[in-house]
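One structure is given below, encoded as structure tokens.
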Protein chains: 2
Amino acid sequence: MKLGEGVEAAIHCAAMLAGVEGEATLSGAAMAEAFGLSPSYLLKHLNMLSAARILESVSGPAGGYRLARSAERITLLDIVLAVEGREPAFRCGEIRQRGPAKLDASAYVKPCGINAAMLKAERAYRTALAEAKLSDIVSDFMSDADPRSVAASCAFVARHQRPQKSSSTKQA
Amino acid sequence: MKLGEGVEAAIHCAAMLAGVEGEATLSGAAMAEAFGLSPSYLLKHLNMLSAARILESVSGPAGGYRLARSAERITLLDIVLAVEGREPAFRCGEIRQRGPAKLDASAYVKPCGINAAMLKAERAYRTALAEAKLSDIVSDFMSDADPRSVAASCAFVARHQRPQKSSSTKQA
DNA sequence: GCTTACCTACTCGGATAGAGCGTGTCCGAGTGTAGTGGG
DNA sequence: CCCACTACACTCGGACACGCTCTATCCGAGTAGGTAAGC
């Protein structure tokens, strides 16, 4: 019962990408710098999000990542499943029928009750994750977090998103 | 997001131990045989359950394991936490404040919204697991499973539990 | 025949190797941009 | 002065080592029971 630490990075990046405007992108290197992570390794997780159709990637100069759809339609479950894989955490190995005195296969048509209970709990987990939309994460951050932190994040996005808005003032 | 397969073995063993009567015990070797597992490795997990005060172990001949309290008071959550560890699956590394432009610590007193959402989902998971009592697992198995499977399990327990009830007929 | 001491066999418990997966890093393919030469 | 070509710099994408956790195993410590000898 342990999630890879790439999940945290993926969610933070997705939340940051929710702040870019329109067709603009944010490069993986910029996000890695923002969170103090290894750029090469972050790319690995961002690539998984691209493969899951959560992010879009554009190559070349002024390239980077953007959300593939609105933050309203992206849930934490989407991100977690993309990074950690879709199979359930508890996999029933059917050890009940692996003993030396196993019965006929017809005695095991009913599903294992233990498996059912574990899967039910995991369904509750996924349901809670599916109810957490990325847009909620962002709006909660905007309203609840420290104003300095919000301002810093918005400034970072505005400075690194590309193509730069021509109207905005260029900062060093 | 992956649970070790020891969890499955631990739950099955606990369910089987719920079938022994009174002070009787079941040896780890017997349970390993019942499920086709390596005895030495199963001991490792059973030992964790003992350390968590879920099982009691008695040494020596006619020794083995028994439940430390009634199956009514043991939940799947107890077993999962004992085997997999008590720390949550999602550990917030606070990467939001690890970038090069981190603000004063006072800007991060509010908890991370992403961490809160993930922990909320995990609370739902644990709640569902805490509602699944071991006694429910056993009674559901007794009523729903194939009668042959139930009979085989009961026979196995009766044959291997020790000290043997003197009144029961000895089987080869 | 009863008691007692010893010995054996069986159990759990912790310490010890091996495999699989997540972590971290590197280099190559692709693309848009900027500069330069020619018309 | 305008256009086309070339070279470059920057991006993502996949292939390659390393470390750690989970898996699997072995051997030692401890204990209860059975056995045999002594009273």
Side-chain angles (χ1 to χ4, degrees), chain A residues 1-10 13 17 23-33 35-52 55-66 68 80 82-85 87 89-91 93 95 160-164, chain B residues 1-10 13 17 23-33 35-52 55-66 68 80 83-85 87 89-91 93 95 160-164 166:
Chain A
M1 192 59 187
K2 202 179 58 168
L3 270 67
E5 66 184 54
V7 177
E8 183 183 9
C13 287
L17 286 172
E23 299 286 304
T25 64
L26 230 54
S27 77
M31 290 187 277
E33 181 195 346
F35 297 123
L37 301 172
S38 162
S40 304
Y41 186 43
L42 183 61
L43 267 287
K44 200 181 189 65
H45 298 300
L46 294 176
N47 193 10
M48 289 178 180
L49 295 179
S50 296
L55 301 185
E56 284 176 354
S57 68
V58 320
S59 295
Y65 292 92
R66 75 170 76 93
V80 170
V83 175
E84 290 288 318
E87 68 257 23
F90 182 84
R91 295 143 298 160
I95 65 173
H160 285 86
Q161 74 179 357
R162 293 169 317 173
Q164 277 282 349
Chain B
M1 192 61 184
K2 203 182 57 172
L3 270 67
E5 67 184 54
V7 176
E8 183 182 9
C13 287
L17 287 171
E23 300 286 302
T25 64
L26 230 55
S27 76
M31 291 187 278
E33 182 195 347
F35 297 122
L37 300 173
S38 162
S40 306
Y41 186 43
L42 182 60
L43 267 288
K44 196 180 190 66
H45 297 302
L46 295 175
N47 193 10
M48 289 178 180
L49 295 179
S50 296
L55 301 185
E56 284 176 353
S57 69
V58 319
S59 294
Y65 293 92
R66 74 170 76 92
V80 170
V83 175
E84 289 286 321
E87 66 259 23
F90 182 82
R91 296 144 297 160
I95 64 174
H160 285 86
Q161 73 179 0
R162 293 169 316 171
Q164 277 283 350
S166 55

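The chains referred to below are lettered A, B, ... by the order of the sequence lines, with proteins before strands, and numbering in each begins at 1.
Rounded to a whole Å, the CD atom of B:Glu84 is 7 Å from the P atom of D:dC22. Separating the CE atom of A:Met31 from the C1' atom of D:dT11 is a distance of 12 Å, rounded to the nearest angstrom. Atom NZ of A:Lys2 and atom C1' of D:dG19 are 12 Å apart (whole Å). Remark: P of D:dA15 and CG of A:Leu43 are 15 Å apart, rounded to the nearest angstrom. Taking atom NE2 of A:His45 as the reference point, atom C1' of D:dG13 lies 15 Å away to the nearest angstrom. Rounded to whole Å, the distance from CG on A:Leu26 to P on D:dT11 is 11 Å.
Scanning both residues, B:Leu46 and B:Met31, for their nearest heavy atoms gives CD1-CE, 3.8 Å. When all heavy atoms of B:Leu42 and B:Gly28 are compared, the closest pair comes out as CD2-O, 3.9 Å. Here the shortest heavy-atom pairing between B:Ala9 and B:Leu37 reads CB-CD1, 3.6 Å.
When the nearest nucleotides of DNA chain D are assigned to B:Pro61 and A:Met1 by heavy-atom distance, the more 5′-ward of the two goes with A:Met1.
Of the possible polar contacts, none joining the A:Ser57 side chain to the A:Tyr65 backbone as a donor-acceptor pair under 3.5 Å is found. The backbone N or O of B:Glu23 lies less than 3.5 Å from a partner atom in the side chain of B:Arg66, making a donor-acceptor pair. Looking only at distances, no side-chain donor or acceptor of B:Glu5 sits under 3.5 Å from a matching main-chain atom of A:Gly93. Remark: side-chain polar atoms of A:Glu84 are paired, donor with acceptor, to backbone N or O of B:Met1 under 3.5 angstrom.
Phosphate proximity of D:dA32 to B:Arg162: absent, as no side-chain N or O sits under 4.0 Å from OP1 or OP2.
A nucleotide of DNA chain C counts as in contact with chain A when one of its atoms lies under 4.0 Å from a heavy atom; the first and last such, 5' to 3', are C:dT23 to C:dG32.
Between A:Arg91 and B:Lys2, some side-chain heavy-atom pair lies under the 4.5 Å cut-off.
Residues that satisfy the side chain to side chain contact (heavy atoms under 4.5 Å, CB included) test with A:Ser59, not counting sequence neighbours, are absent from this structure. For A:Ala52, the side chain to side chain contact (heavy atoms under 4.5 Å, CB included) partners are A:Ile54, A:Ala82, not counting sequence neighbours. Not counting sequence neighbours, the partners of B:Ser38 by the side chain to side chain contact (heavy atoms under 4.5 Å, CB included) test are B:Ser40, B:Tyr41.
The terminal axes of the helix from C:dG1-D:dC39 to C:dG39-D:dC1, fitted over 5 pairs per end, subtend an angle of 0° to the nearest 10°.
Listed nucleotides: D:dG13, D:dT31, D:dT11. Nearest to the side chain of A:Asn47: D:dG13.
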Pairs under 3.5 Å (N/O, protein and nucleotides 24-26 of chain D):
| residue | atom | partner | partner atom | Å |
| --- | --- | --- | --- | --- |
| D:dT25 | OP2 | B:Ser38 | OG | 2.9 |

